[in-house]
Amino acid sequence: MSTVWRTLKVSVEELRLETTLKCGQSFRWKVSGENEWSCAFKGRLITLRQTIATDIDYRTYFSPNVSSSKINHELDKLHEFLIDYFQLNTVNLRECYTKWSKADKHFARIALKFKGIRILRQDPIENLFCFICSTNNNINRISQMVEKLCRQYGEKIYTLNGEDYFDFPILEKLTSPNVVDELRKLGFGYRAKYIAQTAKYMCENFSDGEVWLLSLRNLSYKEAHAALLKLSGVGPKVADCVCLMSLDKHNAIPVDTHVWQIAQKEYGFNAKIKGASNSLTTRNYAAVGDHLREIFGEYSGWAHSVLFTSDLRPFEDRSTSARESNSISSTTTMITEKRQIKISQEINSNIVREKSLNNNNNKRRRS
DNA sequence: CCTTTACCTAAGCA
DNA sequence: ATGCTTAGGTAAA
């Protein structure tokens, strides 16, 4: 194995990996080291790290006999991929945060604690099937299910530190007649059927299902959303996730239980004030989306994602003492996660120093 | 339109 | 320990 780090030259304000990779947009990035995440895409394992407040490094892995020109070429391609994946040339997040903070008090209140949360530009196939898995489910189990899906039907790409990394499977693999049974055995529950039916539908109705899905990028938000609703296991919320996270519909707003809670708590969507019923009906779903689009404008889906993340349990604004009393966890992965969050909080408040990464300073920090 | 119910499963909690 | 609830919803009635 030979590998070198390159730099992406992006500040934490533009992109903070800890939240962006782990806030439930993508379910395949794994913690592979201190402040470091890895994931396989299209035949290549990618590792990212965010060590100090100023930049992000990336690397990938080659067999020993690969020429340096080939390595350079691949790294150039990887750089392009990352720029596209994080939409770094398209969206200036700092400007967005400024605008959104002016437009909305609640956003302004959480903005400083949740900097650098970007919407990824994901592969639509991966995005679609992951969110079919997401229904009535939690992020932890979704990630486990996606891992199983990749292990079962995806190509093994690389082994890093004893951990195997798989590509997301190609669509054809999911059309095999025994997919339902296999996924059932793997614990997918009723989602097994949705996955099989959607894969089948896409392959039977279009000459190339993947190309068809990708082509929805060229349609309007409304058209793309309507097209997705025909897929089995895809309702309004999942369709909006796919629109926002892989089809370039920047003002698509998935209204899930979290967003509905936020809408009731922060934006007056409760039965008494707005005459809304207190459940997430079709009408309320549309009303919340319209309301947030009204406030945040062109990239309202991105703003929504910051609101959503601020409401997630692992990122909640809990006090240090609450967090520590909670950290009697026994598994190493959980300790890694918590350590990750702590380090990221330091990065986020710009107080990080090389030495503070290496000690176990538990002092209270304020931002 | 709105409301209700069933649907798989595993982790968290009492 | 066994039972109950919850977790990024969707489909059918």
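Any value given below was found using the heavy atoms of this structure, including those in side chains, with hydrogens, waters and symmetry copies removed.
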**Item:** Residues A:Arg44, A:Glu74; criterion salt bridge (Lys or Arg N to Asp or Glu O under 4.0 Å); working and verdict
**Value:** CA-CA 10 Å; A:Arg44 187 157 286 290; A:Glu74 288 294 318; 3.1 Å; yes

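- Using a 4.0 Å heavy-atom criterion, one finds that A:Leu183 contacts no nucleic acid atom at all.
- At the heavy-atom level, A:Pro254 lies nowhere under 4.0 Å from the strands shown.
- Nucleotides C:dC4 and B:dA6 are separated by 15 Å at their P atoms, to the nearest Å.
- The P atoms of C:dT5 and B:dT5 are separated by 14 Å, rounded to the nearest whole Å.
- Contact annotation for A:Leu280: no contact, since no heavy-atom pair falls under 4.0 Å across all strands.
- Atoms CD1 (A:Ile253) and P (C:dG9) sit 17 Å apart, rounded to a whole Å.
- Salt-bridge annotation for A:Glu266 and A:Lys105: absent, with no side-chain N of the basic residue lying under 4.0 Å from a carboxylate O of the acidic one.
- With respect to the salt-bridge test (charged N to carboxylate O, under 4.0 angstrom), the residues A:Lys237 and A:Asp240 do not qualify.
- Distance A:Asp256 CG to C:dT6 C1': 14 Å, rounded to the nearest Å.
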**Fill in**
Under a 4.0 Å heavy-atom criterion, the protein footprint on nucleotides 2-8 of chain B, written with B, S and -, is SS---BB

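- For the pair A:Asp311 CG and C:dA7 P, the interatomic distance rounds to 11 Å; values are reported in whole Å.
- Residue A:Phe168 comes nearest to A:Phe129 through the heavy atom pair CZ-CB, 3.7 Å, listed as atom of the first residue, atom of the second, then distance.
- Residue A:Leu229 contributes atom CG, which lies 13 Å from atom C1' of C:dG9 at whole-angstrom precision.
- Classified by interplanar angle (parallel below 30°, tilted 30° to 60°, perpendicular above 60°), the ring pair A:Tyr201/A:Trp212 is perpendicular.
- Between A:Asp167 and A:Lys42, no side-chain nitrogen of the basic residue sits less than 4.0 Å from a carboxylate oxygen of the acidic one, so the salt-bridge criterion is not met.
- Counting only Watson-Crick and G-U wobble pairs whose two distances sit under 3.5 Å, DNA chain C takes part in these stems of three or more pairs: B:3-7 with C:9-13, B:9-14 with C:2-7.
- Positionally, the nearest nucleotide of DNA chain C for A:Asn140 lies more toward the 5' end than for the other of A:Asn140 and A:Leu231.
- Residue A:Thr19 comes nearest to A:Lys115 through the heavy atom pair OG1-O, 4.2 Å, listed as atom of the first residue, atom of the second, then distance.
- With rounding to the nearest 0.5 angstrom, the CZ atom of A:Phe315 is 6.5 Å from the SG atom of A:Cys23.
- Within 4.0 Å of A:Cys130, counting heavy atoms only, lies no atom of the nucleic acid at all.
- Within 4.0 Å (heavy atoms only), A:Val259 reaches no atom of the nucleic acid at all.
- Residue contacts shown for A:Tyr285 are absent, as no nucleic acid heavy atom lies under 4.0 Å away.
- A:Gln144 places its CD atom 14 Å from the P atom of B:dT9, with the value rounded to the nearest Å.
- Taking atom C1' in both B:dA10 and C:dA11, one finds a spacing of 23 Å when rounded to whole Å.
- By the 30° and 60° cut-offs, the orientation of the rings of A:Tyr299 relative to A:His250 is tilted.
- If you take atom P in C:dT10 and the same atom in B:dA11, they sit 24 Å apart, rounded to whole Å.
- Checking the phosphate oxygens (OP1, OP2) of C:dA7, no side-chain nitrogen or oxygen of A:Thr257 falls inside 4.0 Å.
- Distance NZ (A:Lys148) to P (B:dA10): 6 Å, rounded to an integer number of Å.
- As judged by a 4.0 angstrom heavy-atom cut-off over every strand, A:Gln25 is placed among the base-contacting residues.
- Environment of NZ in A:Lys193: sparse, with no more than 12 heavy atoms of neighbouring residues, nucleotides or ligands closer than 6.0 Å.
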